[in-house]
Amino acid sequence: MKNRIYATAVALTMASFTLSCSDDKVEPAPDTKGNYVLAVTPVAATGVADYLLTASSLESGTVTTAGQGVEQDGTYRYYVTHNQKFFSMLYGQGNPGAVTTYNVVDGKLNKLSNFQTETVQAFAPVNDDILLLKIPRNITNPLANYYRVNTNSLTITGEGILNVQEVAGNGESAFFTWIKQVGTKVFAPYMSVQACCGAAFETSFPDNAWIAVYSYPDMKLEKVIKDDRTSFIGRYFTDGLAVDERNDVYAFSSSVAKKDGKFSSTKPSAITKIAAGTTEFDKSFFYDIEAASGGKSITNWIYVGQGKFVAQMVTDEEKGEYTNGKRLAIIDVYNKTYKDVTGMPDLSTIKAVTNNNYSAKDGNAYIGVALTDGVSYVYKVNAASATATQGLRVEGGSITAVTRVD
């Protein structure tokens, strides 16, 4: 079952909801109908909500926010595509936020329901559900909340609590960077954080990686996988795990752990592996990305099939705790090769490269690139040639997500 996850800032939402059928169908122009969905933040003053646009192709054509698209009812939106539905979720900034569900009918977004949720910081498709985690960041609160939302009934079918301090077991708290279904389990990589005293996301354990393994749907902690060859996996609100066709799991570390306001890990940005059917790091596999790239670090990636990733990269000078890379590279974990992507716009003209991109796992990725002149493009990145080709033009805003709803 195809599923993809998309986010436009650094938190999310989930709690109770009211289902409502709607006649709110959006009538796009004929050349903008299609199953590809793009989230676009208009070029305007702050506080402007995203628009959702549809397109029939990501490789050519033009779409615009001017008179087109579905305006979302608030800023800071997060997106999940699962079970042939598109979920648009509003970050409530401490309050419950609206969630709107769409499918695509005849190339048009069709609203199915509205509901409300509490602010959460990690979410992912698991079976027919979307699993959401509300994670504490204060040492005085050891309990994370989870919610299971069924994508068929559009109802919350379960919820519970997880003790993040018991998970960490080191006097700090476990803060999950993301969650991922692996077989019948849920893998939850986390960073160990002090959660206290003006150093909420700093740690005394910068040279370790951990993954909590949970059963599903009861979310019982089965074990914690540990490794001391990298710093923590993923980044805040960033998925650091990928599952390939062999059901092997690959994990990246950006090496951005901090102590006393400074990067403190002695470990490089690197990729590790958990072999299919196991719940231990494969000690025979280690790929030092900093060494392979001449000093660059991974900030995000998208799996495109056959062991290849399109990765967003930063140089050592560009490295930041929340910096998203504007440079692209092809990383082949099967052959341990690294190549910088050619064909991208000049770095000085790139405003942002979205973390929320699309691949059919056919060797290509479709990457949203917002330019400083207010225009965005979708670039097709081919892993075999390590080249990027300019595709769909998006006028009137910055692309924040690219996906497909079948």
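Starting from 1, each residue takes its place in the sequence as its number.
Without hydrogens or angle criteria, N300 side chain to N355 main chain gives a donor-acceptor distance under 3.5 Å. Proximity of a side-chain donor or acceptor of D362 to a complementary backbone N or O of N364 within less than 3.5 Å is detected. Checking side-chain atoms of S265 against main-chain N and O of A257 turns up no donor-acceptor pair under 3.5 Å. Judged purely by atom type and a 3.5 angstrom limit, S254 uses its side chain to pair as donor or acceptor with the backbone of I298. Side chain of T238 to backbone of G234: no donor-acceptor contact under 3.5 angstrom is found. Formation of a donor-acceptor pair under 3.5 Å by the E159 side chain with backbone atoms of R148 is not found in this model. A donor-acceptor contact shorter than 3.5 Å links the side chain of E318 to the backbone of T315. Side-chain atoms of R235 come within 3.5 Å of backbone atoms of T323 as a donor-acceptor pair (strictly under, hydrogens ignored). Here the side chain of H82 pairs no donor or acceptor atom with the backbone of A124 at under 3.5 angstrom. Between the side chain of S255 and the backbone N or O of K267 there is at least one donor-acceptor pair closer than 3.5 Å.
Counting heavy-atom neighbours within 6.0 Å of D106 CG, excluding the residue itself, gives a total of 12 or less. The environment of K262 atom NZ is sparse: at most 12 non-hydrogen atoms of other residues, nucleotides or ligands sit within 6.0 angstrom. By the neighbour-count criterion of 12 heavy atoms within 6.0 Å, atom CD1 of I161 is sparsely surrounded, having that number or fewer from other residues, nucleotides or ligands. Heavy atoms from other residues, nucleotides or ligands lying under 6.0 Å from NZ of K351 number 12 at most.
Between the side chains of N141 and N138, no donor-acceptor pair is found at a separation under 3.5 Å. Between the side chains of D340 and Y338, a donor-acceptor pair is found at a separation under 3.5 Å. Using modelled atom types, one finds no donor on one side chain facing an acceptor on the other under 3.5 Å when comparing Q194 with T203. Judged purely by distance below 3.5 Å, without hydrogens or angles, the side chains of N150 and T157 never pair a donor atom with an acceptor atom. Donor-acceptor pairing under 3.5 Å is recorded for the side chains of E172 and S192. The closest side-chain donor-acceptor pair between K111 and T100, if any, does not fall under 3.5 angstrom. Using modelled atom types and a 3.5 Å distance limit, the side chains of S284 and D282 yield a donor-acceptor pair.
Two residues are said to be in side-chain contact when any heavy atoms from C-beta on lie closer than 4.5 Å; T387 and V381 fail this criterion. For the pair L143 and N163, the minimum side-chain heavy-atom distance is below 4.5 Å. Side-chain contact between K380 and Q390 is absent, with no heavy-atom pair separated by less than 4.5 Å. Residues V249 and K180 are not in side-chain contact: their nearest non-hydrogen atoms beyond the backbone lie 4.5 Å or more apart. Inter-residue side-chain proximity for Y377 and V375 is flagged as met; some heavy-atom pair is nearer than 4.5 Å. The shortest side-chain heavy-atom distance between F286 and T272 falls under the 4.5 Å cut-off. For the pair W178/Q121, no side-chain contact is recorded, criterion being any heavy-atom separation below 4.5 Å from C-beta on.
Note that the CG atom of N35 and the OG1 atom of T54 stand 8.5 Å from one another [nearest 0.5 Å]. Here the CD1 atom belonging to I156 is positioned 11.0 Å from the CD1 atom belonging to I130, to the nearest 0.5 angstrom. To the nearest 0.5 Å, atoms CD (E395) and CD (Q68) are separated by 11.5 Å. Between the CG atom in D207 and the OG1 atom in T266 there is a gap of 3.5 Å [rounded to 0.5 Å]. We find the CG-CD1 distance between D239 and I233 to be 10.5 Å, quoted to the nearest 0.5 Å. Put simply, CG on N208 and NZ on K226 are 8.5 Å apart, with the number rounded to the nearest 0.5 Å.
Between A212 and V167 the shortest heavy-atom distance is CB-CG1, 4.1 Å.
The ring pair (Phe, Tyr, Trp, His ring centres under 6.0 Å) check on Y366 picks up nothing, with sequence neighbours excluded.
The ring pair (Phe, Tyr, Trp, His ring centres under 6.0 Å) pairs that include a residue from residues 195-228 are F175-F201, Y190-W210, F201-Y236, where partners are two or more places apart or lie in different chains.
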Discussion item. One pair to check against ring pair (Phe, Tyr, Trp, His ring centres under 6.0 Å): F123 and Y146. What are the steps and the verdict?
Written reply: CA-CA 9 Å; F123 54 99; Y146 70 84; over 10 Å; no
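Results of the ring pair (Phe, Tyr, Trp, His ring centres under 6.0 Å) test with Y303 over F309, Y250, F252 single out F309 as the only residue that passes.
For the pair R404 and Y36, the cation-pi test (distance below 6.0 Å, angle within 45°) is passed. In this structure, R229 is not positioned above the aromatic face of F285 in the sense of NZ or CZ being under 6.0 Å from the six-membered ring centre and within 45° of the axis. Under the 6.0 Å distance and 45° angle rule, K319 counts as a cation-pi partner of F263.
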